[in-house]
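Just dropping this structure here.
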Amino acid sequence: MTTTSAGTVIAPARARTTAASATVRRKQGLQHGGWFVAPFLVLFALFVVWPLLRGLWLSFTDANISGEGASFVGLGNYREALRDDLMWEALGHSAYFTLLAVPCITVLAFLLAMLAHHIERGKWLWRLCFFAPFLLPSTVAANLWQWLFNPGTGMINHVFGTDTPWLTDKTYAMLAVVVTTLWWTVGFSFLLYLAALQGIPGHLYEAATLDGANAWHRMAHITLPMLRNITGLVVALQILASLQVFDQAVVMQDFGPGPEGSTRTFVQYTLEEGFTGYRVGYASAVSIIFFLIIAAVALARMWLLRNREEGGR
Amino acid sequence: MSGAARIPAKPRRAWTPGQIVLTLLGAAVSVVFLSPLAWALFTSLKPETEAVEVPPRWLPEEWTGQAWSAIIENGNITDWFVNSLVVSVCVTTVVLVVAALAGYGFARTEFRGKGVLMGVVMAGLMVSPAVLGVPLFTTVQQMGMVDTYWGMILPQCAPAAMVYILYKFFQGVPRELEEAAFIDGAGRWRVFLTVVVPLARPSLAAVGIFTFIASWNNFLWPYMVTSNPDLMTMPNGIATVMNSYGIQWAQLMAGGLLAGLPLIVVFVFFQRQIVAGVAHTGLAGQ
C-alpha cells in the first residue's frame with residue numbers, strides 16, 4: 001500500500017501507526033473473515049455438500065427409503081441406469097423441453113423488454129403486465145393452463161376454433177408445458193433485459209443519431225452488442241432451469257407421467273424411483289448422473305465464456 | 001447514471017405517431033398476456049356448473065362469490081397461507097443475513113482456505129433440490145426434520161447464487177470507504193454494518209425479493225418434505241389437496257389467485273426497487 005511508504009518519507013511517527021493499523025486490519029480480516037462466511041458454510045455443508053456426498057455413497061448401495069440394511073453393490077446401479085430406457089427417455093423429454101423453451105423465452109423476453117423500454121408512458125404498467133405471471137406459484141400457473149388447454153371446456157381450442165387434444169396426445173402434451181412455461185417465466189428474463197437496456201448510456205445513441213445512424217443501425221451496432229453479456233446470462237440461467245423442469249409438467253398431468261409417459265421429466269423420474277419405487281440407492285445413482293450432466297453444461301458455458309474473452313480483442 | 005444524457009427541456013413528450021403505434025402494440029400484447037389471469041378471475045366468479053360449460057364463455061352469466069367463500073370457509077387455505085408466510089419470511093431473513101455475511105467475507109476478508117471454499121460454493125450453484133432431491137430428502141429425514149417447519153425452511157437457506165450475486169456487488173465497493181472508517185478506529189463488524197450494508201441496500205432488496213418470490217412459490221421441496229395437509233404451503237396445498245377431491249375449477253381458480261395475490265401486491269409497491277436492484281447487483285451487466 002502506498003500509504004505506508006509515503007508516510008515514512010513525511011512523518012515517521014505517523015507511519016508507524018499506519019503500519020500498525022494495517023497489521024491490525026489484516027489480523028481482523030483473518031479472524032473475522034472466517035466468522036463472516038461461517039453461518040452460510042454451515043447451512044451449505046448440511047444441505048448441499050452432505051446430501052451430495054451422501055447421494056454419492058447411496059448410489060453405490062441398494063438402499064431403500066428407510067435407509068436400513070443397505071449393502072454395497074459397487075457400480076451396479078450405474079450399470080443398470082445406463083441400460084435403463086425409461087431414464088434415457090426422461091432425459092430426452094427434459095432436453096426436448098429445454099431445446100424448445102430456451103430460445104422462445106430468450107427471444108420473447110428481449111422483444112417484450114424492447115417494447116416496455118421504448119414506450120414512454122405508463123412504464124410501471126407494462127412492467128407489471130409482463131412480469132405478473134412470474135409472481136404466480138408454478139402450480140397455479142400449471143392449473144390455470146391445464147384448464148385453458150382442456151379440450152372441451154378450455155379457452156384455447158375455443159378461441160382458435162381448433163379441436164386439439166392438447167393434454168392427452170403425446171405430440172402436444174410437452175408443447176402445452178412449453179407454452180405454459182413461456183407465459184409463466186418470461187417475466188424474469190424480461191426484467192433482466194429491461195435492466196440491461198436501462199444501463200446502456202444514452203449518449204451512445206445520441207452520438208450515433210448525430211452521425212446519421214437510423215433506428216436499424218442503432219439496434220444492430222449499439223443495442224445488440226451491448227446486450228451480448230446479458231443474453232449469455234439469460235440463456236445460461238434458462239438452460240439450467242429448463243433441464244430441471246418438473247412442477248408444470250407434473251401438475252398439468254395430475255401428477256402422472258403424461259400420455260405414453262411423454263411429459264415424464266428427469267426430475268420426475270428420480271422422484272418416482274426414490275419415493276414411489278422406494279429404490280433410494282438407484283434413484284441416487286440417477287441423481288448423480290443428472291448432477292454430472294448439469295455440471296457439464298455449466299462448465300461448458302464457463303469454458304466458452306473464457307474462450308470468447310481470450311479470443312475477442 | 002444516464003441522467004447526464006437526458007435533455008432537461010423535455011418535460012413530457014407529445015404523442016408522436018411512433019409512440020402511438022408502440023403503445024397500441026404494448027396494449028395488445030398485454031391483453032394477450034393477461035387474458036389467462038382474467039380468465040381465472042372470471043371463472044372464480046362463476047358457479048361450478050357454469051365453469052365446466054361447453055363451449056366456454058368468458059364472462060359469468062351469473063356472478064357469484066360462491067367459490068371464494070367456499071375455499072375460505074371450508075378449506076385449509078388460511079393454514080396454508082400462514083405456513084407460506086412463515087416459511088417465506090424465515091427463509092428470506094436467514095438468506096439475507098447469511099448471504100450478505102458470506103458475500104462480504106469472500107469479497108473483502110482473508111482467511112485460510114478461502115479460495116478452495118469459494119470454489120466449493122460455486123460448484124454448489126449446480127446443486128438444487130431438483131438435482132439431488134432424493135439424497136437431500138434422506139438427509140433431512142435422518143435429522144428428523146420431515147414434516148416440520150425446520151425441514152421446509154433450512155434446506156432453502158443455502159443458495160449459492162445469492163452469495164455469488166452479493167459477492168460480485170461487494171467486490172465493487174470502493175476500498176477507500178472502508179479504509180477511512182478503519183482509520184477512524186471502527187472494527188470489521190462496525191464497518192460492515194454502518195458502511196457496507198447501507199451501500200448494498202438495493203442489492204439486498206433485490207436478493208430479498210427474489211428469495212421471497214422463489215420461496216413463496218417453491219413447490220418441489222415442500223412437496224417432497226411434507227405430506228401433512230396442515231403443514232403444506234399455498235402452492236402445495238392447492239395443487240395436491242384440491243386435485244384430490246375432484247377438481248372444482250371455480251374454487252381452484254379462486255385459490256390460485258389468492259396464492260398469487262400477495263406477491264402481485266408486493267411487486268406493485270416495490271417494482272422500481274426490483275428493477276433498480278437487478279441493475280445494481282450487476283446481474284444485468286455481468
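In what follows, every heavy atom counts, from backbone to side chain, and hydrogens, waters and symmetry copies are set aside. We name chains A, B, ... by the order of the sequence lines, and we start the count at 1 in each one. Source: prediction; values computed, not measured.
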For this session: List for me each residue that meets salt bridge (charged side-chain N to carboxylate O under 4.0 Å, His left out) alongside B/R190, sequence neighbours excluded, and say none if there are none.
Result: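 Per chain and number, B/R190 pairs via salt bridge (charged side-chain N to carboxylate O under 4.0 Å, His left out) with no residue.
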For this session: Examine whether an atom of A/W124 lies under 4.5 Å from a heavy atom of chain B, and if so say whether it belongs to the side chain, the backbone or both; otherwise answer neither.
Result: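 When you check distances to chain B, atoms from both the backbone and side chain of A/W124 fall under 4.5 Å.
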Problem set entry | A/F134, part contacting chain B, at a heavy-atom distance under 4.5 Å |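 Both backbone and side chain of A/F134 come within 4.5 Å of chain B.
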Problem set entry | A/T139 side chain to B/P235 backbone, donor-acceptor under 3.5 Å |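 The answer is yes, because a donor-acceptor pair under 3.5 Å joins these two groups.
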For this session: Flag the pair B/L136 / A/W50 as yes when at least one side-chain heavy-atom distance between them is below 4.5 Å, and no otherwise.
Result: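 Sidechains of A/W50 and B/L136: no contact.
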Exercise. Using non-hydrogen atoms only, which part of A/V49 is less than 4.5 Å away from chain B: side chain, backbone, both, or neither?
Worked result: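 When you check distances to chain B, only side chain atoms of A/V49 fall under 4.5 Å.
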Exercise. Passes side-chain contact (heavy atoms from CB on, under 4.5 Å), A/H158 versus B/R57? Steps please.
Worked result: CA-CA 9 Å; A/H158 183 64; B/R57 236 191 308 253; over 6 Å; no
For this session: Against chain A, label B/M143 side chain, backbone, both or neither, depending on which of its atoms sit under 4.5 Å from a heavy atom there.
Result: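 Contact with chain A involves the side chain of B/M143 alone.
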For this session: Apply the test ring pair (Phe, Tyr, Trp, His ring centres under 6.0 Å) to residues A/F36 and B/F106: give CA-CA distance (whole Å), side-chain angles for both, the deciding distance (0.1 Å), then the verdict.
Result: CA-CA 8 Å; A/F36 274 102; B/F106 280 127; over 10 Å; no
Exercise. Are the side chain of A/W126 and the backbone of B/G26 linked by a donor-acceptor contact shorter than 3.5 Å?
Worked result: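 No, because the side chain of A/W126 does not come within donor-acceptor range (under 3.5 Å) of the backbone of B/G26.
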Exercise. If you measure only the distance, is there a donor-acceptor pair under 3.5 Å linking the side chains of A/Q244 and B/S128?
Worked result: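 Side chains of A/Q244 and B/S128: pair found under 3.5 Å.
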Exercise. Relative to chain B, which segment of A/F275 carries a heavy atom at a distance below 4.5 Å: side chain, backbone, both, or neither?
Worked result: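 Contact with chain B is through the side chain of A/F275 alone.
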Exercise. Which answer fits A/L53, side chain, backbone, both or neither, if we ask what part of it has an atom under 4.5 Å from a heavy atom of chain B?
Worked result: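 For A/L53, neither part sits under 4.5 Å from chain B.
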Exercise. Do B/Q156 and A/F47 have side chains that get closer than 4.5 Å, going by heavy atoms?
Worked result: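 Sidechains of A/F47 and B/Q156: no contact.
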Exercise. Given that the side chain runs from C-beta out, which part of B/A160 has a heavy atom under 4.5 Å from chain A: side chain, backbone, both or neither?
Worked result: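 Both the backbone and the side chain of B/A160 come within 4.5 Å of chain A.
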Problem set entry | Segment of A/F246 engaging chain B (4.5 angstrom heavy-atom cut-off) |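 Only the side chain of A/F246 comes within 4.5 Å of chain B.
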Exercise. Side chain, backbone, both or neither: which part of A/V186 has an atom under 4.5 Å from a heavy atom of chain B?
Worked result: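 Looking at A/V186, just its side chain touches chain B.
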Exercise. Where does A/V250 contact chain B at under 4.5 Å (heavy atoms): side chain, backbone, both or neither?
Worked result: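 Just its side chain gets close to chain B.
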Problem set entry | Validation row: B/T109, A/W35 side chains within 4.5 angstrom (heavy atoms) |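 SC-SC contact between B/T109 and A/W35 ruled out.
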Exercise. How would you list, by chain and number, every residue that makes a salt bridge (charged side-chain N to carboxylate O under 4.0 Å, His left out) with A/E272, sequence neighbours excluded?
Worked result: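 A/E272 satisfies salt bridge (charged side-chain N to carboxylate O under 4.0 Å, His left out) with A/R264 once adjacent residues are dropped.
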Exercise. Side chain of A/N143, backbone of B/L252: donor and acceptor closer than 3.5 Å?
Worked result: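 Not a single qualifying donor-acceptor pair exists.
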For this session: Could you tell me whether the side chain of B/Y223 reaches within less than 4.5 Å of the side chain of A/D247, counting heavy atoms only?
Result: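 Side chain of A/D247 against side chain of B/Y223, heavy atoms only: no contact under 4.5 Å found.
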Problem set entry | Non-hydrogen side-chain atoms of A/E120 and B/T23 separated by less than 4.5 Å |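 Contact flag for A/E120/B/T23 side chains = no.
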Exercise. Is chain B contacted by the side chain of A/L136, its backbone, both, or neither, given a heavy-atom distance below 4.5 Å?
Worked result: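 Interface part for A/L136: both.
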Exercise. Checking heavy atoms, do the side chain of B/V140, its backbone, both or neither come under 4.5 Å from chain A?
Worked result: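 Contact with chain A is through the side chain of B/V140 alone.
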For this session: Answer yes or no: is there a side-chain heavy-atom contact under 4.5 Å between A/V280 and B/F137?
Result: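 No, every pair of side-chain atoms sits at 4.5 Å or beyond.
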Exercise. Which bit of A/L46 comes within less than 4.5 Å of chain B, counting heavy atoms only: side chain, backbone, both or neither?
Worked result: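 Backbone plus side chain of A/L46, per the 4.5 Å heavy-atom cut-off to chain B.
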Exercise. Is the closest side-chain heavy-atom distance between A/W145 and B/P36 below 4.5 Å?
Worked result: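 Yes - at least one pair of side-chain heavy atoms lies under 4.5 Å apart.
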Exercise. Do B/Q19 and A/I119 come close enough that some side-chain heavy atom pair is under 4.5 Å?
Worked result: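 Yes, close enough: below the 4.5 Å cut-off.
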Problem set entry | Interchain contact, A/H118 with chain B, by part (heavy-atom threshold 4.5 Å) |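 It is both, since atoms from each part get that close.
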Exercise. Does any heavy atom of chain A fall under 4.5 Å from the side chain of B/M145, the backbone, both, or neither of them?
Worked result: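 For B/M145, the contact with chain A is made by the side chain alone.
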For this session: Answer with side chain, backbone, both or neither: which region of B/L117 has an atom nearer than 4.5 Å to a non-hydrogen atom of chain A?
Result: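 Looking at B/L117, just its side chain touches chain A.
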For this session: Please look at A/L240 and chain B and tell me whether the side chain, the backbone, both or neither of the residue comes under 4.5 angstrom of a heavy atom of that chain.
Result: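 Contact with chain B is absent: no heavy atom of A/L240 under 4.5 Å.
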For this session: Mind telling me whether A/F188 and B/F210 have parallel, tilted or perpendicular rings, with 30° and 60° as the class edges?
Result: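 Ring orientation, 0 to 90° scale: perpendicular.
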Exercise. Hey, what's the ring geometry for A/F130 with B/F33, parallel, tilted or perpendicular (30° and 60° as the breaks)?
Worked result: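 Rings of A/F130 and B/F33: perpendicular, over 60°.
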